[in-house]
Chemist: 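Below you will find the structure I want to go over with you.
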Amino acid sequence: MSDMTAEQKVKFYQKGTFTAGNRLVDQARRSVQASMERSNAITSGHRACQGCGEALGARYALDAAMRATEGQLIAVNATGCLEVFTTPYPETSWQVPWIHSLFGNAAAVASGVAAAMRVKGREQVRVVAQGGDGGTTDIGFGCLSGMFERNDDVLYICYDNEAYMNTGVQRSSATPPTARTATTPAVGPEPGNVFGTGKNLPLIAMAHNIPYVATASVANLHDLERKVEKAVAIRGARYIHIFVPCPLGWGSASHDTIRIARLASECGLFPLFEAEHGEVTGSIPIRRKVPVEEYLRPQKRFAHLFKDGGGERIARLQRMADANIKRFDLLREAEEAPL
Amino acid sequence: MFEQIEGSQAVAKAIALCRPEVICAYPITPQTHIVEGCAEMIRTGAIQNCEFINVESEFAALSVAIGSSAAGARTYTATASQGLLFMAEAVYNAAGLGLPIVMTIGNRAIGAPINIWNDHSDSMALRDAGWIQLHAETNQEAADLHIQAFKLAERLSAPVMVCMDGFILTHAYERVAIPDQAQVDAFLPPYQPRQILDPADPYTIGAMVGPEAFMEVRYLAHDKLLQALSVIPEIQQEFKEVFGRESGGLFHGYRVEDAETVVVTMGSLAGTVKDLVDEVRENGAKIGVITLCSYRPFPLDGLRHALQGAAKVIVLEKSLALGFGGVLAADVRTALHGRDTHIHTVIAGLGGRPITRKSLARMFARVERDDLKDPHFLDLDLDIVRREIDNQRSQITAGPIAENILREIGPCGPKAV
């Protein structure tokens with residue numbers, strides 16, 4: 001909690017807006033992205049869609065990791081959007097040493113890279129593995145759990161856009177209930193993805209008692225950078241789960257990526273918290289609680305909820321959000337947040 | 001120094017002499033004793049400066065190996081059977097990325113029905129993955145091939161499988177010459193990767209390749225294996241100069257020069273066949289054996305040349321392409337295309353079925369009389385097979401074939417053939 005409390009002393013929000021900005025922060029605490037010296041780990045020219053949350057999250061995460069390691073970083077990537085849109089051969093966006101092997105093995109490949117660094121006496125070189133939610137919570141889960149269990153010296157970052165977007169928006173075990181995907185169509189008595197399914201990977205990661213687990217969001221980039229820098233300073237297995245809206249898969253406007261990500265946390269559906277050795281050590285309080293409708297309404301994947309009979313399903317989603325708020329005590333400092 | 005030693009332990013000692021830096025292990029019979037031996041040597045300090053990683057699956061074993069090899073570490077793992085299939089995606093990937101990983105296959109059948117005994121179904125299933133596949137005839141050769149494999153893999157930047165027959169070699173105690181560290185150091189230089197993950201010189205490895213270049217990349221992977229056809233004999237010669245014995249190469253011939261009938265086979269079976277060749281030759285038959293060491297790349301030209309005097313070729317193999325026939329036999333037919341050599345496919349020893357000299361002698365005699373149907377299944381109990389075929393045809397709910405056969409055979413096992 002101590003670190004979390006310290007973080008809250010600095011308010012990154014610009015007065016009268018809900019934008020996290022740099023202008024009210026002293027130079028030393030400004031975002032990595034505000035610096036001319038940022039590594040630009042994923043440089044421009046890649047093929048991500050307009051408004052891609054994953055491209056944004058990955059750039060912030062890796063630039064923060066590059067700053068924290070002073071450039072001594074190797075990245076491993078699972079198959080997925082991030083891999084495809086950054087490496088249309090012979091071009092590459094990666095300014096860091098980077099390897100893609102398969103869809104389901106990023107955590108294991110990263111374990112191998114870390115082992116090689118150890119045996120070569122180059123332990124100052126740190127290893128980041130990255131994957132989407134499919135590559136993390138589904139097909140890569142075995143390798144990820146093995147990496148956690150061995151406490152290998154790897155920071156694994158999951159960019160969660162809640163479905164298989166690269167293959168055309170199919171359900172993953174990170175797809176929320178009621179969401180329409182190509183394999184959970186919004187038809188029938190229980191439209192969209194069904195309730196009572198899915199995995200909460202941050203909690204599963206915590207159950208491995210690894211040194212560090214955090215959730216982060218592209219709506220709170222200062223917090224994201226801070227968590228990456230904190231994770232990089234720790235040895236052993238670490239996991240950061242980043243919420244990255246996908247305009248294409250969610251049916252949202254590309255200019256709404258940050259707003260939707262913020263609404264996901266402000267309604268309680270995507271709580272921002274961190275944990276060390278299986279214990280929650282901090283969370284970001286909700287500044288202005290919103291009902292889940294505000295988060296759901298701008299996304300076409302939830303459009304069927306706003307037709308006849310959607311009310312009960314929205315109420316169920318609200319109960320899920322409220323459970324998160326209670327579990328992580330997300331309303332504890334809301335009244336202290338600046339306007 | 002000669003030791004009376006289990007095949008797996010001999011291989012583990014050979015691996016240790018190669019100064020591996022990362023070893024990944026997941027247990028599967030019959031390769032377990034090899035990685036157990038490695039684990040112990042790391043704990044006792046006999047292997048220095050090496051990470052031993054107990055992973056959660058074979059898929060992870062080879063994936064960890066991909067990471068460590070790409071990061072510049074000499075990397076080893078071992079598997080068999082279901083394990084090789086479970087890592088199949090990574091097998092292709094390691095070859096595609098050009099990573100010089102060495103992996104032992106303790107050759108074992110693939111289920112269902114589950115079976116832990118030896119045949120070549122496992123490595124055959126991955127024969128086209130872009131790995132060099134070397135087959136050991138003896139435990140001496142198994143140990144030697146591992147030392148050669150690292151050199152071969154690193155010279156070509158391609159992964160190498162060293163295949164050794166499960167149980168027949170892995171668990172057999174034989175006299176094996178274990179080399180000195182100084183000899184191995186003289187033979188095998190430190191690993192110098194062609195590409196490496198290094199922050200000082202960042203590379204993108206494993207990028208997406210579209211239709212505009214994929215054919216060329218694939219062709220070059222094929223060409224790399226064809227280059228191995230000349231590199232394998234070079235390394236065989238270099239090995240002989242340092243260690244003073246013949247091991248490896250593309251294939252070994254035994255009494256082939258004047259042979260009218262030549263048996264082509266792979267692995268430990270060659271010993272039995274050689275004994276039988278000596279016996280049959282005493283009765284005047286001109287017969288010889290070719291034991292393939294390099295199955296991939298397949299020495300088409302070399303084999304064609306070596307078999308030019310043979311009127312009959314018997315391909316004796318422990319593999320079966322279901323719905324087709326012999327796997328090795330198809331390769332040998334390609335080598336001999338356009339010739340009128342009479343080629344017999346003999347499938348033998350599936351799932352560990354013993355291959356006896358008596359059965360082989362009877363099969364040879366039938367080949368001499370031109371009285372062998374193609375393909376021939378050595379010691380297949382046709383009565384049981386026919387009854388079960390009738391059973392399956394006569395009733396939809398005939399039940400599972402494997403259990404029906406076991407019930408019919410009873411607790412005493414198959415009748416003597």
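Every chain is numbered from 1, with letters handed out A, B, ... down the list of sequences. What you see is a predicted model; the values in this text were computed from it and never measured.
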Chemist: Which one of B:A60, B:P202, B:G96, B:A70 has the most heavy-atom pairs closer than 4.5 Å to chain A?
Modeler: B:P202
Chemist: Report which part of B:C24 has an atom under 4.5 Å of a heavy atom belonging to chain A: side chain, backbone, both, or neither.
Modeler: neither
Chemist: Just wondering, more than 12 heavy atoms not from B:R43 lying within 6.0 Å of its CZ?
Modeler: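 No, the 6.0 Å shell around CZ holds no more than 12 heavy atoms from other groups.
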Chemist: Under 4.5 Å, counting heavy-atom pairs only, tell me which of A:G112, A:A107, A:A110 racks up the most with chain B.
Modeler: A:G112
Chemist: What part of B:T204 is in contact with chain A, defined as an atom under 4.5 angstrom from a non-hydrogen atom: side chain, backbone, both or neither?
Modeler: both
Chemist: Can you tell me which portion of A:E91 sits under 4.5 Å from chain B's heavy atoms? Options are side chain, backbone, both or neither.
Modeler: neither
Chemist: Between chain B and each of A:G71, A:G121, A:G142, A:P88, count heavy-atom pairs under 4.5 Å; write down the option with the most.
Modeler: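 Ranked by contacts with chain B, first place is A:G142.
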Chemist: What part of B:A213 is in contact with chain A, defined as an atom under 4.5 angstrom from a non-hydrogen atom: side chain, backbone, both or neither?
Modeler: side chain
Chemist: At a heavy-atom distance under 4.5 Å, which candidate from A:T92, A:V76, A:V127 has the highest pair count against chain B?
Modeler: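 Of A:T92, A:V76, A:V127, A:T92 has the most heavy-atom pairs under 4.5 Å with chain B.
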Chemist: Identify the two heavy atoms, one from A:V113 and one from B:G67, that lie closest to each other, and give their separation to 0.1 Å.
Modeler: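 Closest approach of A:V113 to B:G67, heavy atoms only: CG2-O, 3.4 Å.
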Chemist: Which region of A:I74, side chain (C-beta onward) or backbone (N, CA, C, O), has a non-hydrogen atom less than 4.5 Å from a non-hydrogen atom of chain B, or is it both or neither?
Modeler: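 Answer is side chain: those atoms of A:I74 sit under 4.5 Å from chain B.
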Chemist: Only pairs of heavy atoms separated by less than 4.5 Å count here; which of B:V209, B:I66, B:D198 has the most with chain A?
Modeler: B:D198
Chemist: Side chain from CB out, backbone as N, CA, C, O: work out which of these in A:V125 comes under 4.5 Å of a heavy atom of chain B, or both, or neither.
Modeler: side chain
Chemist: With a cut-off of 6.0 Å (strictly less than), are more than 12 heavy atoms of other residues, nucleotides or ligands near CD of A:E70?
Modeler: no
Chemist: Rounded to the nearest 0.5 Å, what separation is found between the CE atom of B:M87 and the CG atom of A:L102?
Modeler: 12.0 Å
Chemist: State, to 0.1 Å, how close A:M117 and B:L197 come at their nearest heavy-atom pair, and which atoms those are.
Modeler: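 That closest heavy-atom pairing would be CE-O, 4.3 Å.
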Chemist: Please flag which part of B:A65 lies under 4.5 Å from any non-hydrogen atom of chain A: side chain, backbone, both or neither.
Modeler: neither
Chemist: Do other residues, nucleotides or ligands put more than 12 heavy atoms under 6.0 Å from the CD atom of B:Q192?
Modeler: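 No, because the 6.0 Å sphere around CD of B:Q192 holds 12 heavy atoms or fewer from other groups.
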Chemist: With only heavy atoms counted, which part of B:V22 is less than 4.5 Å from chain A, the side chain, the backbone, both or neither?
Modeler: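 Looking at B:V22, just its side chain touches chain A.
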Chemist: Among B:A90, B:S69, B:A207, B:C50, which has the most heavy-atom pairs under 4.5 Å with chain A?
Modeler: B:A207
Chemist: Could you tell me which of A:S145, A:A106, A:G104 has the largest number of non-hydrogen atom pairs under 4.5 Å with chain B?
Modeler: A:G104
Chemist: Show the nearest heavy-atom pair for residues B:N54 and A:R150, with the distance to one decimal.
Modeler: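 The answer is O-CD, 3.2 Å.
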Chemist: I'd like to know which of B:V64, B:D201, B:V55, B:N49 tops the heavy-atom pair count under 4.5 Å against chain A.
Modeler: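 Highest number of pairs under 4.5 Å: B:V64.
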Chemist: Who wins among A:A115, A:P90, A:G146, A:S101 for the most heavy-atom pairs under 4.5 Å with chain B?
Modeler: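 Option with the top pair count is A:S101.
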Chemist: Between atom CG of B:N93 and atom OG1 of A:T79, what is the distance when rounded to the nearest 0.5 Å?
Modeler: 8.0 Å
Chemist: Counting only heavy atoms not in B:Y203, do more than 12 fall under 6.0 Å of its OH?
Modeler: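 It does not: B:Y203 OH has 12 such atoms or fewer within range.
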Chemist: More than 12 heavy atoms of other residues, nucleotides or ligands under 6.0 Å from CZ of B:R218: is that the case?
Modeler: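 No, CZ of B:R218 has 12 or fewer neighbouring heavy atoms, counting only those of other groups under 6.0 Å.
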Chemist: Can you name the nearest heavy-atom pair linking B:I53 to A:S111, along with the distance?
Modeler: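 So the minimum-distance heavy-atom pair works out to CD1-O, 4.5 Å.
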Chemist: If you compare all heavy atoms of B:A73 against all heavy atoms of A:A116, which two are closest, and at what distance to 0.1 Å?
Modeler: CB-CB, 3.8 Å
Chemist: Measuring only between side-chain heavy atoms, which start at C-beta, is A:K120 closer than 4.5 Å to B:E21?
Modeler: yes
Chemist: To the nearest 0.5 angstrom, please state how far the CG atom of A:D152 sits from the CD atom of B:E51.
Modeler: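 So the gap between those two atoms works out to 9.0 Å.
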Chemist: Of all the heavy-atom pairs spanning B:P199 and A:R122, show the shortest one and how long it is.
Modeler: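 The pair with the smallest heavy-atom distance is CD-NH2, 4.1 Å.
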Chemist: How about CD on B:E40, more than 12 heavy atoms from neighbouring residues, nucleotides or ligands closer than 6.0 Å, or not?
Modeler: no
Chemist: Is atom CG of A:L248 surrounded by more than 12 heavy atoms (other residues, nucleotides or ligands) closer than 6.0 Å?
Modeler: no
